[in-house]
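What follows is a set of notes on a single structure, which appears directly below.
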Amino acid sequence: MPDLIEVWRSAGTVDDEQELLFQECYRSIAERPRLVLAQAGQGLDGRIATRTGHSHTINGPSGLDHLHRLRALVDAVVIGCGTAVLDNPRLTTRRVRGPDPVRVVIDPSGRTPRGSRILAEGAAPTIMITRPGIPVSGLHPSVRHIELAPAADGFGPQHILDALHEHGLDKVLIEGGPTTVSRFIDAGCIDELHVMVAPLILGSGRSGFELDPIDRIEQALTFTARSYRLGSDVLFACRLNAAGPEGRGGPP
């Protein structure tokens, strides 16, 4: 595979901020053999969508380019069936030069429409994860089917990652939606978190994270973060700190 960082740099003018992004963020991701990275795009108030579910224009073009670059740097990109149904995403790298990841949809009951882009177009290899015994007829030939036995509260994130590892997929992007991202965070399965913040306030609507509640500030997850300006958006690239004595995350 070509050096994608050099390809992206050669595609246009690169300022100092972009050079930092290439070297500190993208190259670090590219050089890690195993990684679980989660991402979210949101407004200043932490909302990712309006109360009607509309969300496609929260982040600007540079923020979307960043998301597509992340896809090009990982082996697999994971979404839940809610995102597959509501957004009908392609999950390809069409905005940048780079390989498409394997697309993974977590769909215990098999409710993703068979005509959706991820299951019907064959634009990139795809894995559909369901409970045992769920019918999966009518899928594109490029779609592989994995059956997992769920726990009482659904598929365990580590169980999903183990299944992907068995298929040679070690570098994984958890792209959405908020329930899926939050389940991986709560399970302690995330190495890094990218939050793209747009300069807008939705005021109501869906929050970017739906985590288990805590009672004390000392129990909060803490991160070592670096920020980058991408057009009108600001990216916070965060690495989770080790858990402290008070709970899920210790002091910075």
Side-chain angles (χ1 to χ4, degrees), residues 37-61 63-68 70-71 74 76-95 100-131 134-136 138-140 142-143 145-146 148 150 153-155 157 160 164 172-187 190 193-198 200-211 233:
L37 168 65
Q39 75 83 37
Q42 63 184 46
L44 293 170
D45 54 358
R47 307 288 185 179
I48 66 167
T50 68
R51 61 182 182 176
T52 64
H54 188 252
S55 64
H56 293 290
T57 56
I58 283 184
N59 294 119
L64 292 175
D65 290 345
H66 171 71
L67 175 58
H68 284 231
L70 291 183
R71 291 175 182 171
V74 299
V77 55
V78 176
I79 62 170
C81 59
T83 297
V85 172
L86 292 174
D87 295 346
N88 193 20
R90 293 187 179 93
L91 303 182
T92 60
T93 59
R94 59 196 178 278
R95 294 182 65 93
D100 291 320
V102 175
R103 306 176 297 183
V104 180
V105 56
I106 305 170
D107 192 354
S109 300
R111 66 186 183 95
T112 302
R114 296 300 184 261
S116 64
R117 292 165 174 163
I118 196 171
L119 296 183
E121 290 185 351
T126 302
I127 292 175
M128 184 180 186
I129 301 177
T130 74
R131 298 194 311 264
I134 297 298
V136 293
L139 302 179
H140 190 276
S142 65
V143 179
H145 179 216
I146 294 178
L148 290 181
D153 59 346
F155 291 143
I160 293 170
L164 296 181
V172 180
L173 172 63
I174 311 300
E175 185 167 323
T179 299
T180 299
V181 170
S182 297
R183 284 179 60 84
F184 275 80
I185 293 175
D186 271 332
I190 298 298
L193 172 66
H194 283 198
V195 181
M196 189 72 67
V197 180
L200 55 80
I201 293 177
L202 298 179
S204 63
R206 193 162 190 188
S207 297
F209 302 102
E210 302 168 354
L211 301 172
D233 298 332

Results of ring-ring contact (aromatic ring centres under 6.0 Å, His included) for H68 - residues two or more places apart only = none
Nearest heavy-atom neighbours spanning [X] and [Y]:
X: I201; Y: D45; result: CG2-OD2, 3.3 Å
X: T83; Y: P89; result: O-CD, 3.7 Å
X: S182; Y: L211; result: O-CD2, 3.6 Å
X: P178; Y: S207; result: CB-O, 3.6 Å

Kindly state each residue pair satisfying salt bridge (charged side-chain N to carboxylate O under 4.0 Å, His left out) with at least one member in residues 77-90, sequence neighbours excluded.
->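 Non-adjacent pairs meeting salt bridge (charged side-chain N to carboxylate O under 4.0 Å, His left out): zero.
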Are the side chain of [X] and the backbone N or O of [Y] linked by a donor-acceptor pair below 3.5 Å?
X: Q39; Y: E175; value: yes
X: D100; Y: A124; value: no
X: T93; Y: R71; value: no
X: R103; Y: P101; value: no

Nearest 0.5 Å, what's the [atom1]-[atom2] distance between [X] and [Y]?
X: L64; Y: D233; atom1: CG; atom2: CG; value: 8.0 Å
X: T180; Y: I79; atom1: OG1; atom2: CD1; value: 8.0 Å
X: F155; Y: I129; atom1: CZ; atom2: CD1; value: 7.0 Å

Taking atom types as modelled and ignoring hydrogens, do the side chains of R47 and S204 form a donor-acceptor contact shorter than 3.5 angstrom?
->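 No pair is found: no donor N or O on one side chain lies under 3.5 Å from an acceptor on the other.
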Judged by modelled atom types alone, do T179 and R206 share a side-chain donor-acceptor pair under 3.5 Å?
->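 Yes - a donor-acceptor pair under 3.5 Å links their side chains.
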Flag side-chain contact, heavy atom, 4.5 Å: V136 against M128 = yes
